[in-house]
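Sequence positions, counted from 1, serve as the residue numbers for this chain.
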Amino acid sequence: MDSFALITVESPCFVLCIFFLLLNFLILLWKLYCKRVNQACYLLDYVCFKPPDDWKLDTELCGKVVRRNKNLGLNEYQFLLKVVFGSGMGEETYAPRSLTSGDPNSCNLNSGISEMDQCFIGALDPLFEKTGISPKDIDILVVNVSMLWPAPSLCARIVNRYKMREDVKAFNISGMGCSASLISINLVQNLFKLRPESRALIVSGESIAPNWYAGNEKSMILTNCLFRTGCCAMLLTNRRADRTRSKLLLKTLVRFHLGASDEAYNCASQVEDDLGRPGVKLSKDLPKAATQAIVKMIKVLGPKILPTKEILRYLVIRFLAGAGSGPMSLNFKTGVEHFCIHPGGAAVINAVERGLGLSRYDLEPSRMTLHRWGNTSASSLWYVLSYMEAKKRLRKGHRVLQLTFGSGFKCNSCLWEVVRDLENLNHNVWEDCVHRYPAQNLTNPFMEKYGWINDNPDPIRIAQAFDES
């Protein structure tokens with residue numbers, strides 16, 4: 001103690017150096033802490049678009065829309081009926097007015113822009129009202145609509161309508177398919193690392209009208225049966241002041257792209273048929289590509305989100321069972337409470353159920369979303385999440401896994417942690433109908449009206465059924 005006192009008296013410069021070294025060390029720690037906090041990606045809030053009632057595509061109207069395609073024959077009618085009543089969709093999905101009230105065979109660029117304008121307004125206006133955040137407070141804007149890319153861009157239309165700041169960083173993403181919303185989140189996540197104290201707005205939707213296929217190629221007619229109108233606006237933030245009012249915290253995001261494989265690359269693509277009619281073609285290789293993507297995703301995602309105990313259990317069992325024991329899967333429920341699976345169709349949901357070993361309860365939100373809203377492309381995940389929130393499943397500390405697929409072929413996933421209990425149904429798209437779900441009977445009315453087509457397909461009776469529509 002005396003020697004230290006001697007040093008402080010005789011060497012004041014030494015003490016001063018020690019003081020500044022400690023001060024710089026503390027400043028460095030504070031900067032590292034602030035950097036880590038500012039790089040976090042929080043979901044402040046989101047709103048899904050609910051189209052007006054005159055956009056509803058019920059059984060009768062769906063039959064009329066199909067009849068307007070004069071290029072279809074009896075074989076195509078039979079194929080369409082089988083697809084529709086086996087799709088898992090109900091009577092309350094939506095399509096734009098240009099399809100439900102006009103001629104779907106004459107939809108053009110203006111039809112698509114009008115459709116997207118209504119979707120954007122229907123999602124953004126309530127989001128700004130719900131959060132109390134002004135459009136001028138947005139630092140980053142990302143818009144993803146795969147099948148519509150006008151000039152000026154859809155991103156520019158939003159900037160113009162809401163009079164956003166001149167320095168807003170705007171990005172317009174197209175061609176990414178149903179996985180586009182997670183790609184947008186990944187973009188914002190990376191931008192947040194460079195831009196502390198920022199807010200980002202993501203708008204995720206799809207344009208149905210100008211991409212309606214008016215031909216008779218079965219692989220291209222399929223998309224007319226599966227896709228419906230939807231849109232979602234999400235507000236993300238890395239501002240420290242927004243953390244406590246946010247809903248979710250992004251923990252990890254994993255992306256896979258199988259485009260190097262010709263089969264995977266061509267399984268979903270925008271093409272023209274032999275007569276030059278544009279549309280989206282779905283190949284028979286799609287289920288195979290999806291299965292391969294899930295397998296690769298599990299190998300990378302599992303170690304990132306599952307507890308060490310589950311990883312060790314899997315490795316030990318795998319070692320004891322030997323190489324020829326057949327497939328064994330990780331138990332994802334040990335690290336995830338809720339599964340938000342893209343409702344791309346009944347077959348997609350069933351495949352994920354088998355691949356991840358999930359229960360009917362786990363996939364109830366995806367199946368009910370498919371029944372109520374259909375496949376709304378990139379925004380579908382958020383209708384599924386809204387269902388979970390409307391059912392008050394999401395509690396503080398719970399983890400939510402989102403998994404989606406897209407053309408190319410892509411498989412993307414991300415894990416969120418619930419920041420606070422979510423119980424408020426204000427501006428929840430399920431607010432007026434969640435009490436009717438889960439529906440016990442998911443059969444489409446087409447089954448009751450046209451079910452005979454499976455057992456005794458009679459071309460004359462098919463023609464008469466469509467005439468009655």
Side-chain angles (χ1 to χ4, degrees), residues 86-88 177-179 181-183 226 251-261 263-265 267-268 282-307 309-318 321 323-371 375 377-378 380-381 384-385 387-388 399-416 442:
S87 64
C178 300
S179 64
S181 65
L182 295 193
I183 294 173
L226 299 179
K251 303 297 289 185
T252 187
L253 193 150
V254 177
R255 293 170 54 185
F256 264 101
H257 202 306
L258 304 182
S261 165
E263 288 183 350
Y265 174 79
C267 66
L282 303 179
S283 78
K284 295 180 180 180
D285 295 321
L286 182 58
K288 179 181 178 182
T291 301
Q292 291 175 345
I294 290 177
V295 171
K296 292 180 179 294
M297 179 65 67
I298 288 175
K299 290 180 180 179
V300 175
L301 187 64
K304 290 178 177 290
I305 68 174
L306 295 179
K309 180 180 178 180
E310 172 59 20
I311 302 295
L312 292 175
R313 181 200 68 82
Y314 173 80
L315 293 175
V316 169
I317 293 178
R318 188 76 180 180
S325 60
M328 288 177 289
S329 61
L330 292 162
N331 182 8
F332 273 81
K333 294 183 183 181
T334 59
V336 180
E337 282 77 22
H338 307 285
F339 296 85
C340 189
I341 308 301
H342 171 60
V348 173
I349 297 174
N350 293 340
V352 174
E353 180 180 30
R354 293 190 298 269
L356 297 183
L358 304 180
S359 66
R360 295 189 64 83
Y361 176 83
D362 296 325
L363 290 172
E364 175 189 309
S366 293
R367 288 196 171 99
M368 297 308 113
T369 298
L370 179 63
H371 182 266
N375 179 359
S377 190
S380 291
L381 281 179
V384 178
L385 188 67
Y387 180 88
M388 296 178 181
R399 286 155 295 184
V400 182
L401 177 64
Q402 291 184 316
L403 178 66
T404 187
F405 307 95
S407 58
F409 186 84
K410 298 177 288 295
C411 179
N412 301 326
S413 66
C414 68
L415 183 73
W416 299 91
L442 297 181

[atom1]-[atom2] distance between [X] and [Y], expressed to the nearest 0.5 angstrom:
{"X": "Cys414", "Y": "Ile183", "atom1": "SG", "atom2": "CD1", "value": "12.0 Å"}
{"X": "Leu312", "Y": "Leu306", "atom1": "CG", "atom2": "CG", "value": "11.5 Å"}
{"X": "Phe256", "Y": "Asn412", "atom1": "CZ", "atom2": "CG", "value": "10.0 Å"}
{"X": "Ser413", "Y": "His342", "atom1": "OG", "atom2": "NE2", "value": "14.5 Å"}
{"X": "Leu182", "Y": "Leu403", "atom1": "CG", "atom2": "CG", "value": "8.5 Å"}
{"X": "Phe339", "Y": "Glu353", "atom1": "CZ", "atom2": "CD", "value": "11.5 Å"}

Got a donor-acceptor contact below 3.5 angstrom from the [X] side chain to the [Y] backbone?
{"X": "Ser179", "Y": "Cys411", "value": "no"}
{"X": "Asn350", "Y": "Ala346", "value": "yes"}
{"X": "Ser366", "Y": "Ile341", "value": "yes"}
{"X": "Ser283", "Y": "Asp285", "value": "yes"}

So, do [X] and [Y] sit near enough that their side-chain heavy atoms are less than 4.5 Å apart?
{"X": "Ser181", "Y": "Leu381", "value": "yes"}
{"X": "Tyr265", "Y": "Leu258", "value": "no"}
{"X": "Phe409", "Y": "Glu263", "value": "no"}
{"X": "Pro343", "Y": "Val348", "value": "no"}

Check your understanding: Should Arg399 and Lys251 be marked as a side chain to side chain contact (heavy atoms under 4.5 Å, CB included) after you check the CA-CA gap, both sets of side-chain angles, and the distance that decides it?
Key -> CA-CA 9 Å; Arg399 286 155 295 184; Lys251 303 297 289 185; 5.6 Å; no
Restricting to non-hydrogen atoms, name the atom on [X] and the atom on [Y] that form the minimum distance, rounded to 0.1 Å.
{"X": "Gly345", "Y": "Leu370", "value": "C-CD2, 3.7 Å"}
{"X": "Pro365", "Y": "Val384", "value": "CB-CG1, 3.7 Å"}
{"X": "His338", "Y": "Met388", "value": "CB-SD, 3.9 Å"}
{"X": "Ala268", "Y": "Leu282", "value": "CB-CD2, 3.8 Å"}

Review point. Just wondering, are more than 12 heavy atoms of other shown residues or ligands nearer than 6.0 Å to NZ in Lys333?
Key: yes
Check your understanding: Do the charged groups of Arg313 and Glu310 touch, with an N to O distance under 4.0 Å?
Key -> yes
Check your understanding: With Lys304, which of Leu415, Val254, Leu253 fulfils side-chain contact (heavy atoms from CB on, under 4.5 Å)?
Key -> Val254
Point to revise | Test side chain to side chain donor-acceptor pair (under 3.5 Å) applied to Thr334 and Asn331, step by step | key: CA-CA 6 Å; Thr334 59; Asn331 182 8; 5.1 Å; no
Point to revise | Check against side chain to side chain contact (heavy atoms under 4.5 Å, CB included), Lys410 and Phe405 | key: CA-CA 6 Å; Lys410 298 177 288 295; Phe405 307 95; over 6 Å; no
